[in-house]
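Presented below is the structure to which this report refers.
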There are 2 protein chains.
Amino acid sequence: MIHQRECPIETVIHVLGGKWKPTILWHLVESTRRYNDLEKLIPDVSQKMLTQHLRDLEQEGVVLRTVYPTVPPKVEYSLSEYGRTLVPVAEVMCAWGEQHNERKQKEPAS
Amino acid sequence: MIHQRECPIETVIHVLGGKWKPTILWHLVESTRRYNDLEKLIPDVSQKMLTQHLRDLEQEGVVLRTVYPTVPPKVEYSLSEYGRTLVPVAEVMCAWGEQHNERKQKEPAS
DNA sequence: TCACACCCTTACTTTTAAGTATGTGGCGTA
DNA sequence: TACGCCACATACTTAAAAGTAAGGGTGTGA
């Protein structure tokens with residue numbers, strides 16, 4: 001938080017670059033989710049990291065957090081409209097990443 | 001190195017996600033460079049990180065390393081053809097990142 | 001009265017990335 | 001003889017990210 005990011009690629013990496021952030025985003029592209037849902041969909045994430053990543057994504061404007069003041073509390077997470085502008089970027093990255101993974105599998109040496 | 005990457009977005013982040021990698025790539029898109037050139041072009045990078053990032057990029061197949069057995073030694077780094085397939089991905093990321101940086105400047109409070 | 005559901009928070013530890021400082025090899029030059 | 005050039009390698013330290021474990025607040029049902 002202490003320095004401004006001059007490199008826009010680093011910006012994207014910062015927004016998308018938590019260990020579970022792509023997975024979270026992926027689930028939110030499909031549908032709005034509650035905290036509990038995400039925990040179940042991503043069994044290996046710890047509560048701490050899930051909360052922290054959701055907060056990060058919220059602060060970047062990518063994710064919307066809606067609290068219903070019911071008992072017990074209900075909190076919904078969804079992609080913001082702005083967050084949807086990130087989807088094509090993620091798709092381009094995905095496509096290259098997939099191809100790269102395949103390539104790496106074929107030539108494990110080199 | 002110990003686990004295979006299942007998420008292709010993480011793959012891209014892994015390839016591009018060192019502190020100086022986007023900068024290195026950027027300079028190699030423009031031209032082939034020698035180790036010394038890169039040191040001068042990126043004054044803040046340490047030798048250790050420059051070497052390490054170049055090795056990483058080489059191992060991913062993105063960068064070519066050519067050694068001329070002269071004295072003193074001469075080593076050239078360049079983007080491979082495969083590395084050039086990464087450029088459009090980087091450009092898409094760049095575009096979103098720039099826009100995102102502007103947006104963040106305008107609304108420092110959420 | 002007690003546990004449970006939901007959505008977290010906090011403190012502490014481990015792992016990973018990056019930074020700092022110093023050393024290496026072989027040849028040309030002074 | 002010593003010194004510098006180029007492209008590193010290695011060891012050690014610091015900082016950042018992630019993991020682990022435990023607690024909290026509130027109202028409802030048993």
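Order of the sequence lines sets the chain letters (A, B, ...), proteins ahead of strands, with each chain counted from 1.
- Side-chain contact between M93(A) and I13(B): present, with at least one pair of heavy atoms (C-beta onward) separated by less than 4.5 Å.
- Here ring-ring contact (aromatic ring centres under 6.0 Å, His included) pairs that include residues 73-94 of chain A, with residues two or more places apart or in two chains, are Y82(A)-W96(B), Y82(A)-H100(B).
- For the helix from dT1(C)-dA30(D) to dA30(C)-dT1(D), the angle separating the two terminal helix axes comes to 40°, with each axis derived from five pairs and the value rounded to 10°.
- Panel note: side chain S80(A), backbone L64(A); no donor-acceptor pair is recorded below 3.5 Å.
- Considering all non-hydrogen atoms of both residues, V15(A) and L57(A) come closest at O-CD2, 3.7 Å.
- Within the 4.5 Å cutoff, no side-chain heavy atoms of L16(A) are placed close to those of K21(A).
- Residue-environment remark: CD (E30(B)) exceeds the threshold of 12 foreign heavy atoms within 6.0 Å.
- Distance alone, capped at 3.5 Å, places no donor-acceptor pair between the R65(A) side chain and the E58(A) backbone.
- Looking at K74(B) and V67(B), their side chains never come closer than 4.5 Å, going by heavy atoms from C-beta outward.
- The separation between I13(B) atom CD1 and dT16(C) atom C1' is 16 Å, rounded to whole Å.
- Side-chain contact between V75(B) and Y68(B) is absent, with no heavy atoms from C-beta onward closer than 4.5 Å.
- Distance CG (L50(A)) to P (dC7(C)): 11 Å, rounded to an integer number of Å.
- In this structure, the side chains of Q47(B) and E39(B) come closer than 4.5 Å at one or more pairs of heavy atoms.
- For the segment residues 64-75 of chain A, the set of residues with a heavy atom within less than 4.0 Å of an atom of DNA chain C comprises R65(A), P72(A), P73(A), K74(A), V75(A), in numerical order.
- Taking the side chain as every heavy atom from C-beta outward, I24(A) and W26(A) never approach each other to under 4.5 Å.
- A close approach under 4.0 Å does not occur between any side-chain nitrogen or oxygen of W20(B) and OP1 or OP2 of dA17(C).
- No side-chain heavy atom of L38(B) sits less than 4.5 Å from a side-chain heavy atom of T23(B).
- Between dA17(C) and H53(B), no contact under 4.0 Å exists linking OP1 or OP2 to a side-chain N or O.
- Contacts between residues 33-46 of chain A and DNA chain D, defined by a heavy-atom separation under 4.0 Å, are made by S46(A).
- Between K19(A) and E10(B), the shortest heavy-atom distance links the atoms O-OE2, 3.2 Å.
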Name the pairs: protein N/O against N/O of nucleotides 10-14 of chain C, kept only if under 3.5 Å.
none

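- Atom P of nucleotide dA18(C) and atom CD of Q52(B) are separated by 7 Å, given to the nearest angstrom.
- The closest side-chain heavy-atom distance from L28(A) to V62(A) is not below 4.5 Å.
- In this structure, NE2 on H14(B) lies 8.5 Å from OG1 on T11(B), to the nearest 0.5 angstrom.
- Scanning DNA chain D 5' to 3' for nucleotides with an atom closer than 4.0 angstrom to a non-hydrogen atom of chain B gives a first and last hit of dC6(D) to dA11(D).
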